[in-house]
There are 2 protein chains.
Amino acid sequence: MHAHPRRVRFESSDAVAPHQFGVLAQLNESPRTPRELADHERVSAPSMTRTVNGLVDRGLVARTDDPTDGRQVIVSLTGEGRQLLKDIRRRRDAWMSVRVSRLSREEQDVLRQAAVILARVASE
Amino acid sequence: MHAHPRRVRFESSDAVAPHQFGVLAQLNESPRTPRELADHERVSAPSMTRTVNGLVDRGLVARTDDPTDGRQVIVSLTGEGRQLLKDIRRRRDAWMSVRVSRLSREEQDVLRQAAVILARVASE
DNA sequence: TATTGTTATACTCTATAACTATA
DNA sequence: TATAGTTATAGAGTATAACAATA
């Protein structure tokens, strides 16, 4: 509480479970209500309450009251949560980059084209 | 217990969880010990005990004693388990076939090539 | 002693039902 | 009444530790 705030992040575990990562990624787009988070992740409201609680306890997200509707709360990323998401993505990208970089240019093109096709199929 | 045995299968739920499907698929290759199943699925031995119990309860697999090593047991598919696995795969293939069949010949080629590349990357 | 498998126990994520507060 | 969120409770998956039986 008195010195190197970055040490805290680097010393703590960066691990987040898949369902937590999904919430962080959503909140990186914009703040959301628990209802919106639950619908997007296709889990029940109580499950999302639990997930959000865990992220709040870790200081990665924060709850604030909706100023216009007293029933709702707004969940948003903290600076720490945003930084953690960024770190995780950087690490994942690095992991994949190494493997893709070993492929030939033609192979990389095939993967790029396949990604486009699969994205279209998945959205049907 | 007196007539249409197939009715039983068609009336019962075909749903199997992913970790159960993995075990059925392994056993379709050949019978295995719980130890082998656990190692392959990368779960602990007690978890595999539980999974096998569930499959035994549903009549999809059976335990038999190893004749040469009294410590080991052998888990194998029942006829019902083999048939269920076959049905699930047929349904999955049908689902994917419909989507792939809507693609052009070129797009299908791209996916085939990508699958080969990704399989190689994944096995590195 | 080492190995195989199970039982005991606990933690996490999931769900549905019931409850509170607000619209 | 309907909606948003939480709490209560239970089910299914995971794990580690401890145990029994056998090699």
Side-chain angles (χ1 to χ4, degrees), chain A residues 12-27 29-78 81 84-85 88, chain B residues 12-27 29-78 81 84-85 88:
Chain A
S12 70
S13 169
D14 279 8
V16 287
H19 70 289
Q20 294 175 318
F21 180 84
V23 170
L24 295 182
Q26 269 195 82
L27 296 178
E29 302 302 319
S30 82
R32 301 278 157 85
T33 66
R35 180 73 267 161
E36 292 170 332
L37 294 171
D39 287 346
H40 191 271
E41 300 293 315
R42 296 175 183 277
V43 298
S44 66
S47 288
M48 188 49 68
T49 292
R50 183 192 169 86
T51 298
V52 170
N53 282 343
L55 294 172
V56 168
D57 290 345
R58 291 180 61 178
L60 303 177
V61 310
R63 281 189 179 91
T64 56
D65 293 334
D66 185 308
T68 67
D69 186 337
R71 296 171 303 183
Q72 295 192 149
V73 305
I74 297 169
V75 185
S76 51
L77 277 186
T78 62
L84 177 58
L85 180 65
I88 293 170
Chain B
S12 69
S13 169
D14 280 6
V16 286
H19 70 289
Q20 294 175 317
F21 181 84
V23 169
L24 295 182
Q26 270 195 81
L27 296 178
E29 302 303 318
S30 82
R32 301 279 156 84
T33 66
R35 180 74 266 160
E36 291 169 332
L37 294 171
D39 287 346
H40 192 271
E41 301 293 314
R42 297 175 183 277
V43 297
S44 65
S47 288
M48 188 49 67
T49 292
R50 183 192 168 88
T51 298
V52 170
N53 282 343
L55 294 172
V56 168
D57 289 346
R58 290 180 61 178
L60 302 177
V61 310
R63 281 189 178 91
T64 56
D65 292 333
D66 186 308
T68 67
D69 186 337
R71 296 170 303 180
Q72 296 192 148
V73 305
I74 297 169
V75 185
S76 52
L77 278 186
T78 62
L84 177 59
L85 180 65
I88 293 170

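So that the names make sense, note that chain A is the first sequence line, chain B the second, and so on, each numbered from 1.
- Of the possible polar contacts, one joining the Thr78(B) side chain to the Leu60(B) backbone as a donor-acceptor pair under 3.5 Å is found.
- Residues from residues 68-76 of chain B with heavy atoms under 4.0 angstrom of DNA chain C, sorted by number: Arg71(B), Gln72(B), Val73(B).
- Proximity of a side-chain donor or acceptor of Asp69(B) to a complementary backbone N or O of Arg71(B) within less than 3.5 Å is detected.
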Polar atom pairs between nucleotides 12-15 of chain D and protein, under 3.5 Å, N or O only, would you list them?
unit_1  : atom_1 : unit_2   : atom_2 : d
dG13(D) : N7     : Arg50(B) : NH2    : 3.4
dA15(D) : OP2    : Ser44(B) : N      : 2.9
dA15(D) : OP2    : Ser44(B) : OG     : 3.0
dA15(D) : OP2    : Ser47(B) : OG     : 2.6

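- Note: CG (Asn53(B)) to P (dT7(C)) measures 7 Å, nearest angstrom.
- Summarising the geometry, the separation between CG on Asp66(A) and C1' on dA23(C) is reported as 12 Å, rounded to the nearest angstrom.
- Between the side chains of Arg58(A) and Asn53(A), no donor-acceptor pair is found at a separation under 3.5 Å.
- At whole-Å resolution of the value, CG in Leu37(A) and C1' in dT14(C) are 17 Å apart.
- Summarising the geometry, the separation between CD on Glu41(A) and P on dC13(C) is reported as 13 Å, rounded to the nearest angstrom.
- Under the side chain to side chain contact (heavy atoms under 4.5 Å, CB included) rule, Leu27(A) has a single partner from Leu37(A), Val52(A), Leu55(A), which is Leu37(A).
- Taking CD of Gln72(A) as the reference point, atom CD of Glu36(A) lies at 7.5 Å (rounded to 0.5 Å).
- Remark: C1' of dA23(D) and CG of Asp65(B) are 15 Å apart, rounded to the nearest angstrom.
- Glu41(A) and Gln26(A) share a donor-acceptor pair across their side chains, judged by distance under 3.5 Å alone.
- For Leu55(A) and dT12(C), the CG to P distance is 14 Å, given to the nearest whole Å.
- Thr51(A) places a side-chain N or O within 3.5 Å of a backbone atom of Ser47(A) that can act as its donor or acceptor partner.
- Listed by chain and residue number, Pro31(B) satisfy the side chain to side chain contact (heavy atoms under 4.5 Å, CB included) test with Ser76(B) (two or more places apart in sequence, or in another chain).
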